[in-house]
Amino acid sequence: MALSLFDHSDTTQVQAAALVADALHGADDGELFVEKRETQGFSFDDGKLKSASFDETQGFGLRSVSGETAAYAHSTEISKAALLRAATLCKTMTRMGSGQIAAAPERTNQKLYSAHNPVEAIGFAEKVSLLKKVDAFARRLGPEVAQVSVSLASDWQSVEIIRGDGQIYRDIRPLVRFGVSIVAERGGIQGQGSHGLGGRGDPMSYLTDELWQDAAREAYRQSLVSLDAKPAPAGEVDVLLGPGWPGILLHEAIGHGLEGDFNRKGTSAFAGLMGQRIAAKGITVVDDGTLPDRRGSVSIDDEGTPSNCTTLIEDGVLVGFMQDRLNARLMGAKPTGNGRRQSYAHAPMPRMTNTYMLSGDKHPDEILGSIRKGLFAKSFGGGQVDITSGKFVFSCTEAYLIEDGKITTPVRGATIIGSGKDALTRISMVGNDMELDPGIGTCGKQGQGVPVGVGQPSLRIDRITVGGTAA
């Protein structure tokens, strides 16, 4: 589908392409990234519509790359005058280049998601009615329900990428995210639970009665578990990570360290280890932007490179990094379709798409039964990671004690502490139950946020430090 991002501009696509060619003449690489975007958000809280928002933005970003240095100019005004001003800035870098602009990305016909606009697919009144229905349903789940919050966010992004050689790449990207949060109260004690879902498919497919009711029930279940949770003990124990969303630990503690820029600069804990064993045998990790309808999937990245399934760790051996065009060129590698940006106002950099560990050969019950005393981490919240050292601290939002191979008491305040490099070598059992997260992840890096996916099977990690709140 041809996009018309220059329809309301005083310059045509042909004129813009000629200007880009002139601005990037002599540069090593670069592109004009043009974007139009619609976002809509609703928040239903305390039994009423708390907020409703709609935002429509547009703009462009022009980048010129010479060596490892880039000039970047952006504007909310898609006009000939604004493009000329941006070109003047970018030309200051071209004399430092090789004089031969890099070859354009290959073409792709892959279509990983529909072009349905989730902002327009469902009317305003219909969305408010749905949130009201979810709120009423959640409040009837049990006498402990004290507060319910429901949110719905829709995003529709249209992009056009024009390179210095005249090649043009287009994409339309829908995005939906729905969430329910419940606070339960019993005897003056409060517990909270939440569940969400989303992705890039047909917006109605994420808002069926069955799905939102299941989300509300899951949030309620978590809130009741939180009510019954005891302070977590601290110590070095065996940990069982659940499948799916706990892959956020993999994403943060390991994934960022396998992005090209950190490794080119030598600031990653995995720098210089290509081809070496960095994890236990049986561990394979991929970054796959080609999964249909998934939150982190893109048909092309924000430089025009088709998305790929890139193997990062294969049977415990480091075999690949996630690359944008700049870092791939400087490292003598190929771009992997991981050049992503938050918007036209941001330059692209290597970013994850859907990063997950493949299934192993152990049944989850077998892994659980092998642990005499430990912790079952079912879900995670926030965490902190140092890319250079790989050290991380992650908070568990739902966790239980494991005693004699059985899940027993729910605990609160548990944190998993370690380093990505060390944790990879401590994985002793990999489950056969790989799951992807429900479609709620957003990744932050250097001030930019992009939608991502995570996933993993059940994992046993031997003797890792758990911080707790028990006296």
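None of these values were measured; they are calculated from a predicted model.
- You'll find the side chain of Y356 stays beyond 4.5 Å of the side chain of D437, heavy atoms only.
- The closest side-chain heavy-atom distance from D28 to R329 is below 4.5 Å.
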Side chain to side chain contact (heavy atoms under 4.5 Å, CB included) between F321 and N327: does it pass, once the steps are laid out? CA-CA 10 Å; F321 295 131; N327 288 281; over 6 Å; no
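- Between Y344 and R37, the closest side-chain pair of non-hydrogen atoms is not below 4.5 Å.
- Using modelled atom types, one finds no donor on one side chain facing an acceptor on the other under 3.5 Å when comparing N308 with T336.
- Remark: the backbone N or O of S79 is not paired with any side-chain donor or acceptor of D10 at under 3.5 angstrom.
- Between the R295 side chain and the R177 main chain, no donor and acceptor come within less than 3.5 Å of each other.
- In this structure, F6 CZ and Q13 CD are separated by 6.5 Å, a value rounded to the nearest 0.5 Å.
- Two residues are said to be in side-chain contact when any heavy atoms from C-beta on lie closer than 4.5 Å; N432 and D361 fail this criterion.
- Checked options D287, D301, D302, D324; the residue passing with N338 is D287 (criterion: side chain to side chain donor-acceptor pair (under 3.5 Å)).
- A pairwise comparison of heavy atoms in V180 and A219 identifies O-CB, 3.7 Å as the closest pair.
- Between S181 and Q192, the closest side-chain pair of non-hydrogen atoms falls below 4.5 Å.
- Looking at every heavy atom in both residues, V393 comes nearest to T415 through CG1-CB, 4.3 Å.
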Check step by step if side chain to side chain contact (heavy atoms under 4.5 Å, CB included) holds for L152 and V176. CA-CA 8 Å; L152 176 62; V176 178; 4.3 Å; yes
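- Remark: the backbone N or O of G289 is paired with a side-chain donor or acceptor of T353 at under 3.5 angstrom.
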For residues 254-262, which side-chain N or O atoms pair as donor and acceptor with protein atoms under 3.5 Å away, sequence neighbours left out?
{"from": "H256", "atom 1": "ND1", "to": "E259", "atom 2": "OE1", "distance (Å)": "3.0"}
{"from": "H256", "atom 1": "ND1", "to": "E259", "atom 2": "OE2", "distance (Å)": "3.3"}
{"from": "E259", "atom 1": "OE1", "to": "K445", "atom 2": "NZ", "distance (Å)": "2.9"}
{"from": "E259", "atom 1": "OE2", "to": "M352", "atom 2": "N", "distance (Å)": "3.4"}
{"from": "D261", "atom 1": "OD1", "to": "K445", "atom 2": "NZ", "distance (Å)": "3.2"}
{"from": "D261", "atom 1": "OD2", "to": "K445", "atom 2": "NZ", "distance (Å)": "2.9"}

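- Side-chain contact between S194 and E218 is absent, with no heavy-atom pair separated by less than 4.5 Å.
- Around atom CD of Q276, more than 12 heavy atoms belonging to other residues, nucleotides or ligands sit under 6.0 Å away.
- Here the closest heavy-atom approach between residue A333 and residue Q323 is recorded as CB-NE2, 4.1 Å.
- From I278, atom CD1 reaches atom NZ of K421 across 8.5 Å, with rounding to the nearest 0.5 Å.
- Interatomic distance, S43 OG to L131 CG, rounded to the nearest 0.5 Å: 8.5 Å.
- When atom types are taken as modelled, the side chain of R341 and the backbone of S343 share no donor-acceptor pair closer than 3.5 angstrom.
- The side-chain contact (heavy atoms from CB on, under 4.5 Å) search around D462 returns D238, S428, R460, not counting sequence neighbours.
- Distance check: E398 CD to F380 CZ gives 11.5 Å after rounding to the nearest 0.5 Å.
- Partners of Q58 according to the side-chain contact (heavy atoms from CB on, under 4.5 Å) rule, which considers only residues two or more places apart in sequence or in another chain, are K36, I78.
- Side chain of E314 to backbone of T284: no donor-acceptor contact under 3.5 angstrom is found.
- When every heavy atom of V298 is checked against every heavy atom of Y113, the shortest pair comes out as CA-OH, 3.6 Å.
- With Q15 contributing its side chain and T12 its backbone, the two residues share a donor-acceptor pair below 3.5 Å.
- The shortest side-chain heavy-atom distance between L424 and I313 falls under the 4.5 Å cut-off.
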Side chain to side chain contact (heavy atoms under 4.5 Å, CB included) between V385 and K391: does it pass, once the steps are laid out? CA-CA 6 Å; V385 180; K391 293 181 179 179; over 6 Å; no
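- Salt bridge present: E303 and R63 bring a charged side-chain N and a carboxylate O closer than 4.0 Å.
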Side-chain polar contacts of residues 117-124 - donor-acceptor pairs under 3.5 angstrom, sequence neighbours left out - could you list them?
{"from": "N117", "atom 1": "OD1", "to": "V119", "atom 2": "N", "distance (Å)": "2.9"}
{"from": "N117", "atom 1": "ND2", "to": "E38", "atom 2": "OE1", "distance (Å)": "3.3"}

Under the criterion side chain to side chain contact (heavy atoms under 4.5 Å, CB included), I'd like the reasoning laid out for H251 against I248: C-alpha separation, chi angles, the key distance, then a yes or no. CA-CA 5 Å; H251 167 103; I248 189 66; 4.2 Å; yes
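- In terms of modelled atom types and a separation under 3.5 Å, the side chain of Q448 and the main chain of A347 share a donor-acceptor contact.
- Side-chain atoms of T290 and D288 form a donor-acceptor pair, as typed in the model, at a separation below 3.5 Å.
- Of the possible donor and acceptor atoms, one in the side chain of Q342 sits under 3.5 Å from a partner among the backbone N and O of G449.
- Of the possible donor and acceptor atoms, one in the side chain of T388 sits under 3.5 Å from a partner among the backbone N and O of T267.
- Nearest approach of L24 to E31, heavy atoms of both residues: CD1-N, 3.7 Å.
- Within the 4.5 Å cutoff, side-chain heavy atoms of V285 are placed close to those of T355.
- The nearest pair of heavy atoms linking S458 to L240 is CB-CD1, 4.2 Å.
- Of the possible polar contacts, none joining the W156 side chain to the R173 backbone as a donor-acceptor pair under 3.5 Å is found.
- Counting only residues at least two apart or in different chains, side chain to side chain donor-acceptor pair (under 3.5 Å) contacts with residues 197-211 comprise D209-W212.
- For the atom pair SG of C90 and NE2 of H25, the computed distance is 15.0 Å after rounding to the nearest 0.5 Å.
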side-chain hydrogen bond (donor to acceptor under 3.5 Å, both in side chains) evaluation trace for Q110 with S307: CA-CA 9 Å; Q110 66 180 352; S307 62; 3.1 Å; yes
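- In this structure, T57 OG1 and D55 CG are separated by 5.5 Å, a value rounded to the nearest 0.5 Å.
- Applying the side-chain contact (heavy atoms from CB on, under 4.5 Å) rule to D165 yields the partners A104, R163, Q167; only residues at least two apart in sequence or on another chain are considered.
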